[in-house]
Number of protein chains: 2
Amino acid sequence: MGTKQTLTPEDWIKAAFKLLTSSGPKAIRVDYLCKELGVTKGSFYWHFADLAALQAAMVEHWRRVATSDVIASMVSPELSPRDLFIRFIEDILDVPTREYGGPMTEVAIRHWAAGDEAVHAVVRNADTERLAFLTLQMRGSGLTGPEARSRATLIYATLVGLKQLTGEPGLPRMDIPGFVDAMLRPAPSNAAAVQAALVASATPVRCPEPQLEVQ
Amino acid sequence: MGTKQTLTPEDWIKAAFKLLTSSGPKAIRVDYLCKELGVTKGSFYWHFADLAALQAAMVEHWRRVATSDVIASMVSPELSPRDLFIRFIEDILDVPTREYGGPMTEVAIRHWAAGDEAVHAVVRNADTERLAFLTLQMRGSGLTGPEARSRATLIYATLVGLKQLTGEPGLPRMDIPGFVDAMLRPAPSNAAAVQAALVASATPVRCPEPQLEVQ
DNA sequence: ACCTGAACACCGTTCAAGT
DNA sequence: ACCTGAACACCGTTCAAGT
């Protein structure tokens, strides 16, 4: 009743992301997937030619939802540049992860890419595409060409880096609107100052006292 | 008689490099190694705990002969800075490869590193070590701190890049002494000019007319 | 000490047969 | 159309037995 009769490729991809984020790239295995979905191996090979095909589909899916789809959803012209930036950044870092491997999909993909050149190539493409879009928007906000590019690079690198740290407890939470405002200010062009603005605007999460294991 | 009775770890490492350079990282397999050496699999596991141990030994061997050993052989103070540079570059790019996988070991290792994070980490360390040494020597030749570092980086990146292209036919052959002379000139500090000096001093190998496949 | 030979383990892949 | 179940293939690893 509540259970679906037939599996779709999306079911396999979703299960594979779950394995990726929970147990790493090497956990993307046919038997694990089948256990997760309650079927036997033969079923997998009806949907995919081989494991490489599923992996390619995973990466391509990620590329679409975490890059092209987000960019495409931005072309509605009612957004101010500032709001567009905020939404883009929040979407890139969070939206595509909701349905699949949880909030750490982006980090898991980059970890996977470190050991798989095919994955790495797609991640590079995604970075390029996102950066080109951010640069274009920066330029549309009145910044000059090189300035637009360098600010876009800085903002993107900073946020990707912070996202990596999000896994650890006691992370600083980032104030994305405040950061965007600092990045859009035309004058100072001072990377260090902008970086300082981000750090200053980051509200540290309540940091629990370090607990010693006392019994 | 002419054949050795007993295999050494070095024999396995050498055979593994042969497989790496001829057929890529995935060809480093126990059965291939055994066929190459004329023994059975059990022999391998007497010498190494597992395949990962052999791979680690390969990378560590490369790191030693292609980095630390070359640097250590340079501390004899009879060399002029210019000759030291020339010898270092030639040794780094050629010497460590003679005994093992031929002249393309450096390229093969970097290709391997693209798909294996453990290998990649060692390559990064080697690059850092080589660059630190080159920078130090630049500084000893009268260049200022930042200038020494940027020139060392440029020279190293250029030569690594050219080495990658060496595999293809019709390569430009590089005039290392001429390049070093250009890099040691203190004044202009112009990266593009130095780059031009290298390209100008590269004597193109006889470039055959493009042959159309006419039958 | 060094190696053989055979077995085992693991996991991707195939395929005839079911519904 | 979608899946089961069992077999096979591939290759890393183990180990008792040889010299």
Side-chain angles (χ1 to χ4, degrees), chain A residues 1-61 108 111-113 115-119, chain B residues 1-61 108 111-113 115-119:
Chain A
M1 321 267 141
T3 61
K4 214 178 351 167
Q5 321 253 11
T6 265
L7 294 172
T8 66
E10 282 68 36
D11 292 323
W12 292 97
I13 293 175
K14 197 177 296 190
F17 269 108
K18 198 168 168 188
L19 288 171
L20 171 65
T21 53
S22 68
S23 310
K26 293 202 307 186
I28 306 175
R29 286 176 22 177
V30 178
D31 52 349
Y32 291 173
L33 288 164
C34 291
K35 190 166 213 174
E36 182 78 23
L37 295 173
V39 290
T40 57
K41 290 169 157 193
S43 175
F44 174 81
Y45 286 93
W46 192 90
H47 290 281
F48 295 93
D50 51 27
L51 196 53
L54 170 64
Q55 292 169 333
M58 290 175 68
V59 173
E60 179 50 35
H61 174 93
H111 181 241
W112 186 10
D116 187 315
E117 185 47 30
V119 177
Chain B
M1 311 269 147
T3 62
K4 216 181 344 170
Q5 323 255 8
T6 266
L7 293 172
T8 65
E10 282 70 33
D11 292 323
W12 292 97
I13 292 175
K14 197 177 298 190
F17 268 109
K18 200 169 165 186
L19 288 171
L20 171 65
T21 53
S22 67
S23 310
K26 293 201 309 187
I28 305 173
R29 286 174 25 177
V30 178
D31 52 350
Y32 291 173
L33 288 164
C34 292
K35 190 165 212 174
E36 182 78 23
L37 295 173
V39 291
T40 57
K41 289 169 156 192
S43 174
F44 175 82
Y45 287 93
W46 192 89
H47 289 281
F48 294 94
D50 52 25
L51 196 53
L54 170 64
Q55 292 169 334
M58 289 174 69
V59 174
E60 179 50 35
H61 175 93
H111 180 240
W112 185 11
D116 186 317
E117 186 48 30
V119 176

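Just so it is clear: chains get the letters A, B, ... in the order the sequence lines come, proteins before strands, and each one is counted from 1.
The phosphate of D/dA1 (OP1 or OP2) has no side-chain N or O of A/H47 nearer than 4.0 angstrom. Contact check, A/Y45 against C/dT13: a side-chain N or O comes under 4.0 Å of OP1 or OP2.
For A/T6, counting side-chain heavy atoms from C-beta on, the closest listed nucleotide (D/dC3, D/dC11, C/dC3) is D/dC3. Side-chain proximity of A/L7 to the nucleotides D/dC3, C/dT13, D/dT13 is greatest for D/dC3. Distance from the side chain of B/D50 is smallest for D/dT13 among the nucleotides C/dC3, D/dT13, C/dT13.
The distance between atom CZ of A/R29 and atom P of D/dC10, rounded to the nearest whole Å, is 19 Å. What separates NZ of A/K35 from P of C/dC11 is a distance of 12 Å, to the nearest Å. Put simply, OH on A/Y32 is 10 Å from C1' on C/dC11, counting in whole angstrom units. Taking atom CG on B/L54 and atom P on D/dG12, their separation rounds to 11 Å, with Å as the unit. Summarising the geometry, the separation between CG on A/D31 and P on C/dC11 is reported as 6 Å, rounded to the nearest angstrom. For the pair B/K41 NZ and C/dC8 C1', the computed distance is 11 Å after rounding to whole Å. The distance from atom CH2 of A/W46 to atom P of C/dT13 is 18 Å, rounded to the nearest whole Å. Rounded to whole Å, the distance from CG on A/D11 to C1' on D/dC3 is 14 Å.
Residue B/A16 comes nearest to B/I28 through the heavy atom pair O-CG1, 4.2 Å, listed as atom of the first residue, atom of the second, then distance.
Of all nucleotides present, only C/dT13 satisfies the Watson-Crick or G-U wobble test against D/dA7, with each distance under 3.5 Å. Base pairing annotation: D/dT19 forms a Watson-Crick or G-U wobble pair with C/dA1, both donor-acceptor distances under 3.5 Å.
Ring planes of B/F44 and B/W12: perpendicular class, angle over 60° (limits at 30 and 60°).
Considering only heavy atoms from C-beta on, B/D116 stays 4.5 Å or farther from B/P25 through its side chain. Contact annotation: the side chain of A/W112 approaches that of A/V59 to within less than 4.5 Å [non-hydrogen atoms, C-beta and beyond].
For the atom pair A/T6 OG1 and A/D11 CG, the distance stands at 9.5 Å (nearest 0.5 Å).
Each of B/S43 and A/K26 was matched to the nucleotide of DNA chain C holding its nearest heavy atom; the match closer to the 5' end belongs to B/S43.
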